[in-house]
Amino acid sequence: MKENTCCFFGHRKIEDTLELRTKLYDILKRLIEEENTRTFLFGSKSEFNSLCLETVSKLKKIHPHIKRIYVRAEYPDIDDSYKAYLLKDYEDTYFPKHIKSAGKASYVERNCEMINNSGICVVYYNPNYTPPKRKSSRQSLTDYSPKSGTKIAYDYAVKKGKRIINIF
């Protein structure tokens, strides 16, 4: 699956501009038409992911042979109605069994799964991004900045020697 497969990951919030949309469309069009990319792996929970799904779906109208696959980080077992709901936007969905007990790290583990199964990673990664501060719990009086999941995924893709196209 790796050679002709592309995954996406990026920050939850992005600056959605016409320039970004055009750049993403052109990159994905080239990957499909010139590099024979056929499968696209998607996660969830980010504006970048939504933009990528929208863009690949537009290109699917021109290239009906490409596949969109949703890699779930939640819901290891889904019923037929939820699967039918997902298959309105994707050709397939799966939950990587090895992340079943990952807890809060399930999204990190899911991103690693997508990276491992891809030859190309199209990302929206700002090296200067700082995640918003969060309360460590309802009772906590202090805030903390969690690690950026995008940075973790980016560093993992670099370590694995993946081809990375950062459109930030």
Side-chain angles (χ1 to χ4, degrees), residues 4-75 82 85-95 104-135 143-158 160 162-168:
N4 298 45
T5 301
C6 173
C7 71
F8 304 100
F9 60 87
H11 300 300
R12 285 183 188 248
K13 300 287 183 188
I14 62 171
E15 187 177 342
D16 188 348
T17 64
L18 179 58
E19 179 185 356
L20 176 68
R21 287 175 173 267
T22 302
K23 186 175 182 181
L24 179 63
Y25 184 90
D26 292 345
I27 287 167
L28 295 176
K29 185 175 188 281
R30 189 186 77 242
L31 289 175
I32 294 166
E33 294 177 358
E34 297 174 22
E35 300 187 34
N36 204 30
T37 303
R38 296 287 176 253
T39 304
F40 296 89
L41 303 179
F42 297 88
S44 59
K45 307 277 187 194
S46 79
E47 291 175 359
F48 182 64
N49 224 44
S50 298
L51 177 59
C52 291
L53 177 60
E54 178 186 321
T55 306
V56 172
S57 295
K58 282 180 187 173
L59 286 161
K60 185 165 176 61
K61 292 176 183 173
I62 304 164
H63 305 281
H65 59 280
I66 63 175
K67 289 177 62 176
R68 300 161 298 175
I69 300 175
Y70 175 52
V71 184
R72 302 187 314 272
E74 300 176 308
Y75 311 113
Y82 185 54
Y85 168 77
L86 292 174
L87 296 182
K88 289 178 185 175
D89 293 321
Y90 304 95
E91 281 64 55
D92 200 4
T93 181
Y94 76 97
F95 179 88
K104 289 182 179 181
S106 63
Y107 288 92
V108 171
E109 292 294 324
R110 187 270 319 278
N111 288 345
C112 291
E113 165 83 9
M114 294 191 314
I115 292 163
N116 288 339
N117 287 301
S118 296
I120 303 163
C121 303
V122 174
V123 307
Y124 185 94
Y125 172 60
N126 174 357
N128 298 317
Y129 175 80
T130 304
K133 292 195 179 290
R134 299 181 188 171
K135 297 273 187 211
D143 292 337
Y144 77 102
S145 288
K147 289 184 179 177
S148 165
T150 300
K151 179 177 178 13
I152 293 168
Y154 184 86
D155 290 346
Y156 183 78
V158 168
K160 290 294 188 174
K162 297 298 178 169
R163 178 175 167 207
I164 300 169
I165 302 171
N166 187 0
I167 68 166
F168 167 70

**Study point:** Beyond-backbone contact of Glu19 with Thr22, side-chain heavy atoms, under 4.5 angstrom
**Key:** no
Review point. Where do Ile152 and Asn111 land on the side chain to side chain contact (heavy atoms under 4.5 Å, CB included) test, with the steps shown first?
Key: CA-CA 9 Å; Ile152 293 168; Asn111 288 345; over 6 Å; no
Review point. If only atom types and distance count, is the side chain of Lys67 paired as donor or acceptor with the main-chain N or O of Phe40 below 3.5 Å?
Key: no
Practice item. Drop me the distance from Leu28's CG to Leu24's CG, to the nearest 0.5 angstrom. Key: 4.5 Å
Exercise for review: Say whether, by atom type as modelled, one donor and one acceptor occur between the side chain of Asp92 and the main chain of Ile69 under 3.5 angstrom.
Suggested key: no
Practice item. Consider only side-chain N and O atoms of Arg21 and Thr55, and report whether a donor and an acceptor are under 3.5 Å apart. Key: no
Review point. How about Glu113 and Cys7: do any of their side-chain heavy atoms sit closer than 4.5 Å?
Key: no
Review point. Should we count NZ of Lys162 as having more than 12 external heavy atoms under 6.0 Å?
Key: yes
Practice item. Indicate yes or no: at least one non-hydrogen side-chain atom of Val123 is less than 4.5 angstrom from one of Thr150. Key: no
**Study point:** CZ on Arg12 to OH on Tyr129, rounded to 0.5 Å
**Key:** 8.0 Å
Review point. What's the shortest heavy-atom distance between Ile66 and Lys60, and which atoms?
Key: O-NZ, 2.6 Å
**Study point:** Side-chain (Thr37) to main-chain (Ile32) donor-acceptor, under 3.5 angstrom
**Key:** no
**Study point:** Aromatic contact, Tyr125 with Tyr154 (centres under 6.0 Å)
**Key:** yes
Revision key, fill the gap. Only residue of Ser46, Cys52, Cys121, Ser118 satisfying side-chain contact (heavy atoms from CB on, under 4.5 Å) with Phe8 is Cys52
Practice item. Heavy atoms only: give me the nearest Lys160-Asn116 pair and the separation to one decimal. Key: CE-OD1, 3.8 Å
Exercise for review: Any chance you could measure Ile27, atom CD1, to Leu31, atom CG, to the nearest 0.5 Å?
Suggested key: 7.5 Å
Exercise for review: May I ask you to test the Arg163-Glu35 pair for a side-chain heavy-atom distance under 4.5 Å?
Suggested key: yes
Review point. Is the shortest heavy-atom distance from the side chain of Tyr156 to the side chain of Lys151 under 4.5 Å?
Key: no
Review point. Does the side chain of Tyr124 come under 3.5 Å of the side chain of Glu47 through a donor N or O and an acceptor N or O?
Key: no
**Study point:** Flag for Arg38-Thr5: side-chain donor and acceptor within less than 3.5 Å
**Key:** no
**Study point:** Flag side-chain contact, heavy atom, 4.5 Å: Lys45 against Tyr107
**Key:** yes
Review point. Going from OG on Ser44 to CG on Leu86, what distance comes out if it is rounded to the nearest 0.5 angstrom?
Key: 10.0 Å
Check your understanding: Are any non-hydrogen side-chain atoms of Glu15 and Leu20 less than 4.5 angstrom apart?
Key -> no
Review point. Do the two ring centres, one from Tyr75 and one from Phe95, sit under 6.0 Å apart?
Key: no
Check your understanding: Is Glu33 atom CD crowded by more than 12 heavy atoms from other residues, nucleotides or ligands, each under 6.0 Å away?
Key -> yes
Practice item. Work out which heavy atom in Gly43 is nearest to a heavy atom in Tyr90; give both atom names and the distance. Key: O-OH, 4.5 Å
Revision key, fill the gap. Ala153 and Ile115 have their tightest heavy-atom pair at O-CD1, 3.4 Å
Point to revise | Centroid-centroid distance, Phe42 to Tyr70, less than 6.0 Å | key: no
Revision key, fill the gap. Output for pair (Ile167 CD1, Ile14 CD1), nearest 0.5 Å, gives 7.5 Å
Review point. Do any N or O atoms from the side chain of Arg110 and from the backbone of Val71 form a donor-acceptor pair under 3.5 angstrom?
Key: yes
Review point. Does Asn126 offer a backbone N or O that forms a donor-acceptor pair with the side chain of His11 under 3.5 Å?
Key: yes
Check your understanding: Hey, are Lys58 and Glu54 close enough for a salt bridge, meaning a charged N less than 4.0 Å from a carboxylate O?
Key -> yes
Review point. Counting only heavy atoms not in Tyr85, do more than 12 fall under 6.0 Å of its OH?
Key: no
Check your understanding: If you look at every heavy atom in Ala157 and Ile164, which pair is closest and at what distance?
Key -> CB-CD1, 3.8 Å
